[in-house]
Amino acid sequence: MLKHRIIFAVVASAAFTLMAAPAMARTVDSNAAACANERDELPASVQADASTRFLRSFGVSRHDRAQAHKSRGNAYRALGRYELAIADYDAAIRVSPRYVEAYRNRARAYQDSGAINLATADSEEAGRISAAQQG
């Protein structure tokens with residue numbers, strides 16, 4: 001009897017996992033799409049929330065993690081939450097140190113917040129990285 005219960009538990013667990021996997025994949029995909037917000041059709045708050053959920057997903061690549069931080073930074077910047085935007089751009093740069101768009105966007109956030117010297121430094125760094133990549 002115990003053996004049958006164990007077998008049933010294993011089979012039920014496997015069935016649940018197989019059924020849940022596609023739903024979890026759809027959730028990750030929808031969060032990734034909302035995070036990217038490629039057509040700028042979503043409110044910034046929705047983009048920020050989706051980016052957070054995407055970043056909490058299992059198995060996000062370094063490249064996608066850097067892009068998600070940049071996207072969430074863009075959303076925070078649109079909301080006027082410059083400290084949070086800068087923190088996300090910092091995270092994107094930590095993950096991908098030669099990520100030109102993260103430097104450019106952090107420069108814009110610094111400029112919007114009045115930190116002109118930091119904005120200038122980031123703009124110059126973005127230019128150096130870009131020139132080296134085209135090199």
Side-chain angles (χ1 to χ4, degrees):
M1 185 69 151
L2 180 61
K3 184 177 178 182
H4 292 287
R5 286 184 184 167
I6 292 172
I7 291 171
F8 176 76
V10 168
V11 170
S13 176
F16 175 77
T17 301
L18 290 173
M19 289 186 312
M24 288 172 43
R26 282 191 303 274
T27 300
V28 169
D29 290 346
S30 67
N31 285 330
C35 172
N37 196 16
E38 290 178 0
R39 291 188 288 251
D40 290 326
E41 57 193 18
L42 298 174
S45 59
V46 172
Q47 180 182 9
D49 291 343
S51 298
T52 298
R53 287 190 302 274
F54 180 71
L55 285 163
R56 290 180 181 159
S57 301
F58 178 75
V60 176
S61 71
R62 289 180 64 81
H63 176 264
D64 289 347
R65 184 168 299 285
Q67 285 190 321
H69 277 294
K70 183 200 59 136
S71 291
R72 188 170 64 180
N74 293 348
Y76 285 143
R77 184 172 158 255
L79 293 167
R81 301 183 72 186
Y82 304 119
E83 287 182 22
L84 292 174
I86 291 165
D88 264 317
Y89 298 136
D90 289 346
I93 292 166
R94 273 194 307 278
V95 172
S96 183
R98 302 183 55 76
Y99 193 3
V100 173
E101 282 303 308
Y103 280 100
R104 287 184 181 145
N105 292 0
R106 189 172 67 176
R108 291 179 187 114
Y110 278 137
Q111 184 175 356
D112 292 345
S113 69
I116 304 305
N117 290 342
L118 294 172
T120 301
D122 270 358
S123 291
E124 290 172 355
E125 184 63 18
R128 280 191 289 276
I129 294 169
S130 183
Q133 288 174 348
Q134 292 174 2

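- No hydrogens or angles considered: nothing links the side chains of N74 and R77 as a donor-acceptor pair under 3.5 Å.
- When atom types are taken as modelled, the side chain of S61 and the backbone of D64 share a donor-acceptor pair closer than 3.5 angstrom.
- I86 is not listed as a side-chain neighbour of Y76, based on a closest heavy-atom distance of 4.5 Å or more.
- Linking ILVMFWY side-chain heavy atoms closer than 4.5 Å, directly or via other members, places I93 and I129 in a single hydrophobic cluster.
- Contact detail for C35 and S51: the closest heavy-atom pair is SG-OG, 3.0 Å.
- In this structure a side-chain-to-backbone donor-acceptor pair under 3.5 Å is missing from Q47 to N37.
- When every heavy atom of A50 is checked against every heavy atom of A34, the shortest pair comes out as CB-CB, 3.3 Å.
- Checking Y89 against D122 by side-chain atom types alone, no donor-acceptor pair falls below 3.5 Å.
- Of the N and O atoms on the side chains of R72 and T52, at least one donor lies less than 3.5 Å from an acceptor on the other residue.
- The local environment of CD in E101 is crowded, with over 12 non-hydrogen atoms from other residues, nucleotides or ligands closer than 6.0 Å.
- The salt bridge (Lys or Arg N to Asp or Glu O under 4.0 Å) pairs that include a residue from residues 30-56 are R39-E41, where partners are two or more places apart or lie in different chains.
- Atom NE2 of H69 and atom CZ of R94 lie 7.5 Å apart (nearest 0.5 Å).
- Annotation: E83, atom CD; neighbour count of heavy atoms from other residues, nucleotides and ligands within 6.0 Å does not exceed 12.
- The shortest heavy-atom contact between A107 and A119 is O-CB, 3.3 Å.
- Residues S96 and H63 fail the side-chain proximity criterion, which asks for heavy atoms closer than 4.5 Å.
- Separation of atoms CZ (R106) and OG (S123) is listed at 10.5 Å; rounding is to 0.5 Å.
- Residue A44 comes nearest to A75 through the heavy atom pair O-CB, 3.3 Å, listed as atom of the first residue, atom of the second, then distance.
- The shortest side-chain heavy-atom distance between F54 and R65 does not fall under the 4.5 Å cut-off.
- Here the side chains of K70 and D88 are not in contact, with every heavy-atom distance at 4.5 Å or above.
- Across A126 and Y103, no two heavy atoms sit closer than the pair CB-CB, 3.8 Å.
- Within the 4.5 Å cutoff, the side chain of R104 has heavy atoms near those of the S130 side chain.
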